Amino acid sequence: MKKNDIILIAAFVLIAFLCMAGIRLFGMKTGKTADVTIDGKLFKTLKLSEDTRLEIDGADGGKNILVIKDGKAFMEDADCADKICVHQGAISHTNENIVCLPHKVVVLIRGEQESIDALVQ
Amino acid sequence: MGQKTRRIAICGVFTALAMIFSYIESLIPIPVGIPGFKLGVANIAIIAVIYVVGNSEAVIVNFLRILLTGILFGNLYSFIFSLVGGMLSIMLMIMLRRTKKFSMTGVSVAGGVSHNIGQIIAAVIVMETPAIAYYLPVLIVTGVVTGVVIGIVGQAVTKRIVRSAGNSIIENE
């Protein structure tokens with residue numbers, strides 16, 4: 001390994017650290033609701049304050065099971081091949097998300113006023 | 001066999017190799033819980049092409065293996081993400097190698113990290129979810145680690161390819 005390699009690695013690690021610091025300082029707000037979208041279209045909005053168990057019929061006939069408990073949301077089960085969505089664990093902060101790519105399912109945590117994208121009079 | 005035919009044949013072999021690596025990698029589930037986490041074993045083949053064959057061949061092999069792997073094993077979304085990541089990765093690797101200031105490990109690290117960054121950027125745009133960028137820090141760090149490993153293995157592999165084929169494998173710069 002040359003010296004430049006070390007510099008390169010250190011630079012990347014620094015960038016990663018700065019991103020993380022920025023996110024933690026400015027981005028981590030406790031969320032209020034979980035928006036479930038299938039293939040980009042909003043399917044259901046759930047309140048994190050209410051314990052729920054939701055069966056999601058994703059793309060390609062896939063099935064995901066979303067659970068909300070103690071203010072956190074997590075994917076309890078899915079019949080996709082890799083189950084990455086299941087292994088991700090629980091999310092609860094604004095903008096945290098769980099994605100099941102094969103089923104095109106996205107669970108996105110939204111904060112206070114952010115769930116209103118437009119107001120029609 | 002003429003030089004040109006030889007080049008084409010070798011590209012074919014490496015493309016197939018990269019696809020096999022990708023496939024085997026997909027069979028071994030590593031439950032890290034980070035979407036988009038990959039060891040990037042196929043990069044061993046790609047790096048070998050860069051160092052043993054040539055830059056333009058590497059770009060073609062990289063594109064082909066992404067295209068074919070996407071058709072055979074993936075879906076449209078994963079193909080788009082891989083393509084963006086892969087193209088960014090190969091361009092950066094070729095650039096870095098040209099400067100002659102980095103070892104294969106450094107080139108591999110740059111390739112791995114840029115592949116991840118490219119995938120995230122593509123995912124954010126396609127899925128219209130800026131929140132996916134939340135995973136950037138983690139994937140940069142894992143990109144560095146896997147990049148180092150792939151770089152070390154790549155050096156061992158490339159050394160042996162050149163040694164066993166002599167310098168007759170291809171007339172390279």
Side-chain angles (χ1 to χ4, degrees), chain A residues 1-24 27-28 31 35 37 39-42 59-60 62 74-75 80-91 93-111 114, chain B residues 26-38 73-78 80-81 92 96 99-114 116-117 119-120 123-124 126-145 147-148 151-152 155:
Chain A
M1 255 213 254
K2 290 187 184 169
K3 186 170 98 168
N4 283 319
D5 297 333
I6 313 262
I7 297 178
L8 182 69
I9 292 176
F12 278 136
V13 173
L14 186 66
I15 292 175
F17 181 73
L18 290 174
C19 284
M20 195 172 66
I23 290 173
R24 280 195 192 253
M28 304 276 276
D35 280 354
T37 56
D39 204 2
K41 292 195 261 298
L42 182 63
D60 293 334
F74 60 93
M75 204 67 86
C80 51
D82 41 32
K83 294 199 202 285
I84 292 179
C85 49
V86 179
H87 287 126
Q88 234 183 292
I91 55 175
H93 300 107
T94 309
N95 280 332
E96 277 193 294
N97 56 83
I98 298 176
V99 176
C100 180
L101 215 51
H103 297 166
K104 299 187 187 157
V105 171
V106 177
V107 181
L108 179 62
I109 306 290
R110 293 204 173 270
E114 289 158 60
Chain B
S26 73
L27 290 180
I28 307 175
I30 307 183
V32 184
I34 311 168
F37 172 77
K38 275 193 292 192
F73 308 119
N75 52 61
L76 180 65
Y77 283 168
S78 72
I80 294 177
F81 302 159
L92 204 60
L96 249 60
T99 68
K100 294 201 204 282
K101 290 205 178 130
F102 300 91
S103 75
M104 195 184 287
T105 308
V107 169
S108 168
V109 165
V113 174
S114 57
N116 287 347
I117 293 181
Q119 284 191 297
I120 290 200
V124 167
V126 168
M127 309 278 276
E128 291 174 354
T129 318
I132 295 179
Y134 179 78
Y135 295 105
L136 210 49
V138 183
L139 285 176
I140 290 178
V141 174
T142 57
V144 166
V145 175
V148 170
I152 294 176
Q155 267 175 318

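Below, each value reflects all heavy atoms present in this structure, side chains not excepted, and no hydrogens, waters or symmetry copies. Given the structure is predicted, the values throughout are model-derived calculations rather than measurements. Numbered from 1 within each chain, the chains take letters A, B, ... in sequence-line order.
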Peer 1: Quick check: closest heavy atoms across A:L8 and B:A110, and the distance to 0.1 Å?
Peer 2: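 Nearest heavy atoms, A:L8 then B:A110: CD2-CB, 4.0 Å.
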Peer 1: Locate the shortest heavy-atom distance separating B:P137 from A:A16; write the atom from each residue and the value.
Peer 2: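 Distance-wise, the nearest heavy atoms are CB-O, 3.4 Å.
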Peer 1: Does A:T37 form a side chain to side chain contact (heavy atoms under 4.5 Å, CB included) with B:M127? I'd like the steps, not just the answer.
Peer 2: CA-CA 10 Å; A:T37 56; B:M127 309 278 276; over 6 Å; no
Peer 1: Do you know the tightest heavy-atom contact between A:K2 and B:K101?
Peer 2: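 In terms of heavy atoms, the two residues are closest at CD-O, 3.7 Å.
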Peer 1: For A:D39, is it the side chain, the backbone, both or neither that has a heavy atom under 4.5 Å from a heavy atom of chain B?
Peer 2: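 Just its side chain gets close to chain B.
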Peer 1: Output all residues satisfying salt bridge (charged side-chain N to carboxylate O under 4.0 Å, His left out) with A:K104, sequence neighbours left out; order by chain, then residue number.
Peer 2: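 For A:K104, no residue satisfies salt bridge (charged side-chain N to carboxylate O under 4.0 Å, His left out) once neighbours in sequence are set aside.
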Peer 1: Give, for atom CG of B:L136 and atom CD1 of A:I23, the distance between the pair rounded to the nearest 0.5 Å.
Peer 2: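 Answer for the CG-CD1 pair, B:L136 versus A:I23, is 7.0 Å.
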Peer 1: The criterion is ring-ring contact (aromatic ring centres under 6.0 Å, His included); which residues satisfy it with B:F73, sequence neighbours excluded?
Peer 2: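 Counting only residues at least two positions away or on another chain, B:F73 forms a ring-ring contact (aromatic ring centres under 6.0 Å, His included) with B:Y23.
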Peer 1: Please classify the contact of B:Y77 with chain A as side chain, backbone, both or neither, using a heavy-atom distance under 4.5 Å.
Peer 2: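 When you check distances to chain A, only side chain atoms of B:Y77 fall under 4.5 Å.
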Peer 1: Got a second to check how far A:L101's CG is from B:L76's CG, nearest 0.5 Å?
Peer 2: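 Here the rounded value is 10.0 Å.
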Peer 1: Look up atom OH in B:Y135 and atom CG in A:N97, then write down how far apart they are to the nearest 0.5 Å.
Peer 2: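 It comes to 4.5 Å.
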Peer 1: Of all of B:V107, B:V141, B:V113, B:I132, which one pairs up most often with chain A through heavy atoms under 4.5 Å apart?
Peer 2: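 Between B:V107, B:V141, B:V113, B:I132, the count favours B:V113.
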